[in-house]
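Below is one structure, written out as structure tokens, with a few remarks after it.
This chain uses plain numbering: 1 for the first residue, then up along the sequence. Each ligand, and each atom within it, is numbered from 1 in the order the structure gives. Quick caveat, the model's predicted, so the values are computed rather than measured.
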Amino acid sequence: MAYTESLSYDQRLIYSDVACSKAHVRGLADAGLITESELALMLGGLDTVEMEYRAGELDFVESDEDIHTAIERRVTELVGDPGAKIHTGRSRNDQVAAALRHYLLAQIDQIAARILELIDVLVDRADEAGMDTDAAYLPGYTHLQQAQPVLLSHHLLAHCWALMRDLDRLADCRARVDVSPMGAGALAGSSLPLDPAFTARQAGFADQFHNSLDATSDRDFVAETLFVLAMVGIHLSRMGEEVVLWSTEEFGFADLDDRYSTGSSMLPQKKNPDIAELARGKSGRLIGNLTGLLATMKSLPLAYNRDLQQDKEPVFDALDTIRLGLGAMSGMYATMTFNTQRMAQSADSEYGGATDLAEFLVRKGTPFRTAHAIIGELVRSSIAGGEPLSVLVAADPRLGTDAAALLASGEAVRQRTSPGAAGPAAVSQQRGILAERLAAIRLRW
Ligand code: ARG
């Protein structure tokens, strides 16, 4: 029992099992397999079990292998014979799949709400950082080398787009979770006059199974949920890594609120970005949960196999990890201070405008490759000779003072004007599109 039980971790399915069991017994009554008074007793028994559990008064016995057996055992104790009819026309195989699907639907909705909260925080911080011509900007990086400056709002909104895709994926995955397997029995359905569509509706599912073998052994919906959660975790890990970097002495772009950082047990001057680090670290276990379940599912013959009991721990762990992670990250982002002066100083290297100089020449008809070479040569001489790039540019007959003006502080980011670009006009436009998309997503949840 110690090896085979799942009660220790599947108890959280109790409310979903009770809801699905109620739907199932209503189905039995509808099919004329139990009387109305038996139905009332069974529904009452199920309610009592739920109340007992809520009050911490549901005692388990040694033979309770999982929460499903425990519920049935207790209902039978409470209402006698009608309780023993509860398993009519069903098997634990369709029962566990139903309870898990029902549970995941509610969990997915909660996770979606938390993702939306984090998006809202990021959008607020982006609005605060601004999108006009004197909005905050910072160096943009590729290869973690300074490349071109970008608006801070643009940078923060980049994370929003990733999280909005996660919401899309979650909605898509949710539709495949929302299918009732009730009535599939152990693997082959039943000889009794069951109506799976009726039972599915009673439990609030949008759809019901059409193949009993598939219905009892399919765990795609769990793997898919785990993938989406792992993807959210990966996004949080990238954001976390960024906060780790930004809060270093060397970057100095962000300062974490004391409530969202930790002191060192030995070094009194230290403030550690533990939440950001854990967002980075815990993404590993989310990947592990996904790959673990895929390995469990691999090569399993139809239909139910006990291996499938291994679906619960990874998905419960992933849900808990992501739910807490999203909350912690929202709080951390809402309370951190951006050092926009430091960001601007860091971004204001004249070399950040090098591309704009090349594009200045392009506007005058120079092929881009040639322009790139000309500006590259000037950058090299500036670095070698120690003369500011703007001085060399102003003195160059191909460029002149108009071009040199492009190297003024903040100019490089103002020049990023194409749709979706990192400059003020483009980011304001992006902000409008994002608001529309977000409103559409909100309608779904
Ligand atoms: N605890 C099991 C699970 O979660 C219940 C299913 C058991 N079915 C069976 N035929 N032994 O998968």
Quiz prompt | salt_bridge(R238, E242) N-O dist < 4.0 Å | solution = no
Quiz item: So, are R74 and D59 salt-bridged, with charged N and O less than 4.0 Å apart?
Solution: no
Exercise. Establish, yes or no, whether the cationic atom of R12 lies under 6.0 Å from the six-membered ring centre of F316 and within 45° of the ring axis.
Key: yes
N/O pairs closer than 3.5 Å, ligand 1 and protein:
| residue | atom | partner | partner atom | Å |
| --- | --- | --- | --- | --- |
| ligand 1 | 1 (N) | S6 | OG | 3.1 |
| ligand 1 | 1 (N) | D66 | OD2 | 2.8 |
| ligand 1 | 1 (N) | Q309 | OE1 | 2.8 |
| ligand 1 | 4 (O) | K312 | NZ | 2.6 |
| ligand 1 | 8 (N) | N93 | OD1 | 3.1 |
| ligand 1 | 10 (N) | N93 | OD1 | 3.2 |
| ligand 1 | 12 (O) | Y304 | OH | 2.4 |

Quiz item: Got a donor-acceptor contact below 3.5 angstrom from the N305 side chain to the D307 backbone?
Solution: no
Practice problem: Using salt bridge (charged side-chain N to carboxylate O under 4.0 Å, His left out) as the criterion, point out the one residue from R174, R101, R176, R169 that pairs with E224. | Solution: R176
Quiz prompt | Parallel, tilted or perpendicular: ring planes of F253 versus W246, cut at 30 and 60 degrees | solution = perpendicular
